[in-house]
Amino acid sequence: MLKKYTEKRDFNKTPEPKGDKKPRTTKNKSLSFVVQEHAATRLHFDFRLEFNGVLLSWAIPKGPSLNTNDKRLAVMTEDHPLDYANFEGIIPSGYGAGEVIVWDRGIYLPLDKNEESISGIIEAEKLIKNGLKEGKLLFKLEGKKLKGIWTLVRMKKTEKDWLLIKHKDEFASEKSHPWKDDSILSGETLSDLQNAKSSPTKKKIEKKSAPKPVGVQKQKTAEKKILKSGLPKFSPPMLATLAAETFTNKDWVFEPKLDGIRALSYVNGGDVEIFSRRGQLLAGRYPSLTEELAQYKNNFVIDGEIVAFDKNNRPSFEKLQERSGLTKATDIKIAEQVNPIKYYVFDILFLDGRDLRQLSLSERKNFLHKSVSSSEHIEIIEELGYNGNNAYQACIDNGLEGVVGKRLSSTYQINRRSTDWLKVKGTFTDEFIICGYTQGTGGRKDTFGALILGEYSPTNKLVHVCSVGTGFDDKKIKQMLSTMKPLQTKNCPFAKRPQGLDNPTWVEPKLVAEIKFAERTKDNSLRVPVFLHLREDIEPKKVKPKAIVIDPSVLVNEASPKTIANEASVRKTSKKKAEKGSTKVTSEIAEILSQLDNENENLQLIVEGNKINFSSLNKSYWPGYASQATITKRHYLRYLASVSPWLLPHLHDRLITLIRFPQGIQGQKFFQKHWSDNLPDFVETVRVFTEHENKDLDFLLCNNLSTLLWLGQIADLELHTAHTRINALPDAKNLPTKFTGSVENLEKSLLNYPDFMVFDLDPYLYSGAEKKGDEPELHRKGFKETCRAAFWFKELFDQLSLNAFVKTSGKTGLHIYVPIKRNIDYDKVREISQTICKHILVKHPTKVTTDWSVSKRKGKVFLDHNMNARSKSLASIFSPRVSKEAAVSTPLGWDELEEIYPTDFTIETLPLRLKEKGDLWADILSRKNDLASLFSSLSTII
DNA sequence: GAAATCC
DNA sequence: GGATTTCAACGCCCT
DNA sequence: AGGGCG
Ligand SMILES: [Mn+2]
Ligand SMILES: [Mn+2]
């Protein structure tokens, strides 16, 4: 399994180690590097590590772990392998436990959080969080390099936590993995590892530093401070009562139920304390939130929920728990960047010395909106209206836990679980005791099928609850198995032996698991249980059924369901917008629009005779903000259908690049040019040779309405097209249409002769609010400068008598398209476009740039001629863009440039403009310029 | 988002 | 049926 | 040649 990497390795010319003691692992002559000085010192200077282009700076820990007599850094190669059998998770002597360990299959970086390593750890965590954990590695040492595709993995080995950078395919096959019993904790994080390993050390620390008195003292001082400043002292917050189902009632308002921790903030002119439900001090854990609250110069007490997010930007209690465990300032510093939180505020208790708690919720909400505004870590919770069923459905669809309904007239009742606040949850979690496991089948016949769960009855008898077989990946299964093995016993631990279990293996009831489930059934079982994780902090004996169960029917009645019928009917009569005013809106489109005008989550449409299934129609693709409403998948599909008469001609016969966002614009994205699954037969493709694969591949086209809507279904939120077409008409009848077999064929063909010379104008004027590494955000000055640059192009094109078209890119800049006869190929077009850009650069060197390196573009408008290339594509006109405003790339008249702003044209507003102004680019292909004749004289003109 | 795989 | 995992570009520019 | 870039 190592053969693949032979060519890629760069270390195999390194000299053999000389003399002294050989490391235990080198009996097969593993290769070492002789470094002249102390390894740590040397590495400090000579070692550079980049992953996916991100510099991972890492300090090599100094200290007793490093033996100063060891002057070798081991570099294992295939010819000189590590003796895995004897490796046993112990770092070979001679390498020092604190060093960066380099071998042919991976690099280990210690996750010791000292000042110098923090930035490296943060960057690595960000890469992992952003799904970039697999990618390109550059590791330079002693002038030599390791390259290739590698993967970042956090893992725990021996006593230490490490970041492992491993070869892409390494460990793919468990059987041959020499460390198969090692836990590769890919899904877990620094803090998990920190917590998991630190139980013994924690106790030591507790003894040493006696945290209890410190904590008490701290809390006291905090209270004192608050009392002194005129704010009341902490009292526990009002709580919601669990209800079984939602309802609709105009006297109520629903809010999303966020899975985080409750937090009351006491703010007094720069002094801030944040309390948990039980009065623990939280401010220290969330320094940037605390800082933001400290910006307020008045005093108030607000109530809300602190939330962390998973990779799809959904609230995640697990991610928040990672934060809660952190105590060290350095850990918190890392987490603030890698795992940021948001404080969703939903109530205000005091304001400027006034007690608001006896006011009604609606009055308090008014005060809240007046006194607190959104900032990076603070947001006022969204109100979802009085239709609880809709609110609930929307929340569940968006991966939220459920909703909380609140009576608008209710007061704030401290320290009380009130029925004026009702929460409705989709799922539950609880702890259960692992009492054994069943035999697995198929791929799991050698491990286990399901865990057998139990809990203690009120009479302290261990009773069987159910089995749970989902929620494990292979790694979790292995971990669980090794955790359970030592606890195996012949005796069934239950008071009454349960029947019908598949060849059970019993274990002593010592492990506690957290289980998610949909419902607790009457026979004491769980519906759709899913294993989450072990709970090492809970005593098995304490695992009993949750005591208080409230009769939901009482609560629903209390919420006056009388009005439900009325409201529901109001909701249903949502009027259908008439799509009229243009001859282009065919009856087919009108039919599609009307069929999409309902609240169904899923829908099958017949489009052009094709059955197309649509799903998740209420999913938010562009979430709302400020006054802007959320754009759901349904809205997006309606947009596509309504602009299709204008859009489709510009897509026709062009290879498209999809940019897909299945979880909406805040979720993960990816590019796609091919479709390997079952392609609907209305989607046309074209086979084209690709250089990097050295073979022919099928590329997608969007030549009909069915395909356009299908692209919407698969969450392709941007429509990018090539500048070439597979159609020779009308100006390229002589060009070959064979695109397959070789680059030569492709270069001779139509697909090397573009319809346009394009210029991509991007303002690299930063607003200052961008996060480090982000592109410049849209702002007035940047766009204005871009327009100025565009006019310089226009001036030149006028001199050259060239027809040129301009459009907003939909993001921050402009695109200029010069339609050309297909008599010059991409190389020539690019050359001409480069000449043009350089010409403008010479005239306005302080305003524009053509520099390829992003860092040198700062403050200027980037004139990008490089988009004139075969594999490049640009957002088509009428393509939405992934920005919070849902702006759309829009054709402009040159005379409009002065007046407009990119966000004037959005999914919401563009259809109207189209109906009024039509397509300003409709004739772009019939207004082609002949660049071939211009080309010969270009140098004299410019 | 879709498909495959496992419960 | 539900949960989980995996997968989903490309080639020119620059040094 | 490999990472940078859009
Ligand atoms: Mn660009
Ligand atoms: Mn651009």
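Numbered from 1 within each chain, the chains take letters A, B, ... in sequence-line order.
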_Closest non-hydrogen atom pair between A:Tyr621 and A:Ala715, with its separation_ = OH-CB, 3.3 Å
*Are any of A:His720's side-chain N or O atoms less than 4.0 Å away from OP1 or OP2 of C:dA9?*
no
*Checking all strands, does A:Arg660 fall into the base, sugar-phosphate, or nothing category for heavy-atom contacts under 4.0 angstrom?*
base
*A:Phe699 near the nucleic acid: base, sugar-phosphate alone, or nothing, with a heavy-atom cut-off under 4.0 Å?*
sugar-phosphate
_Residues A:Arg687, A:Asp698: salt bridge by 4.0 Å N-O rule_ = yes
*asked:* Let's see if you can work this out: which of B:dG1, D:dG6, B:dA3 has an atom nearest to the side-chain heavy atoms of A:Asp677?
replied: B:dA3
*Can you tell me if the side-chain N/O atoms of A:Lys619 get under 4.0 Å from OP1 or OP2 in B:dG1?*
yes
*Measure from the side chain of A:Gln713, starting at C-beta and using heavy atoms only, and say which of C:dA8, C:dA3, B:dA2 lies closest.*
B:dA2
*How close or far is atom P of C:dA9 from atom CG of A:Asp698, stated in whole angstroms?*
12 Å
*Length of the line joining A:Glu747:CD and C:dC10:P, which is rounded to integer Å*: 17 Å
*Tell me whether the guanidinium CZ or amine NZ of A:Arg857 lies under 6.0 angstrom from the six-membered ring centre of A:Phe862 and within 45° of its axis.*
yes
*Looking only at side-chain N and O atoms, does A:Ser853 come under 4.0 Å of OP1 or OP2 in D:dC5?*
no
*Have a look at A:Val854 and say if it touches a base, only the backbone sugar-phosphate, or nothing, with a 4.0 Å heavy-atom cut-off.*
sugar-phosphate
_Which nucleotide in C:dA9, C:dC10, D:dG6 has an atom nearest any side-chain atom of A:Gln672_ = C:dA9
*For A:Asp774, all residues meeting side chain to side chain contact (heavy atoms under 4.5 Å, CB included), sequence neighbours excluded*: A:Glu770, A:Lys771
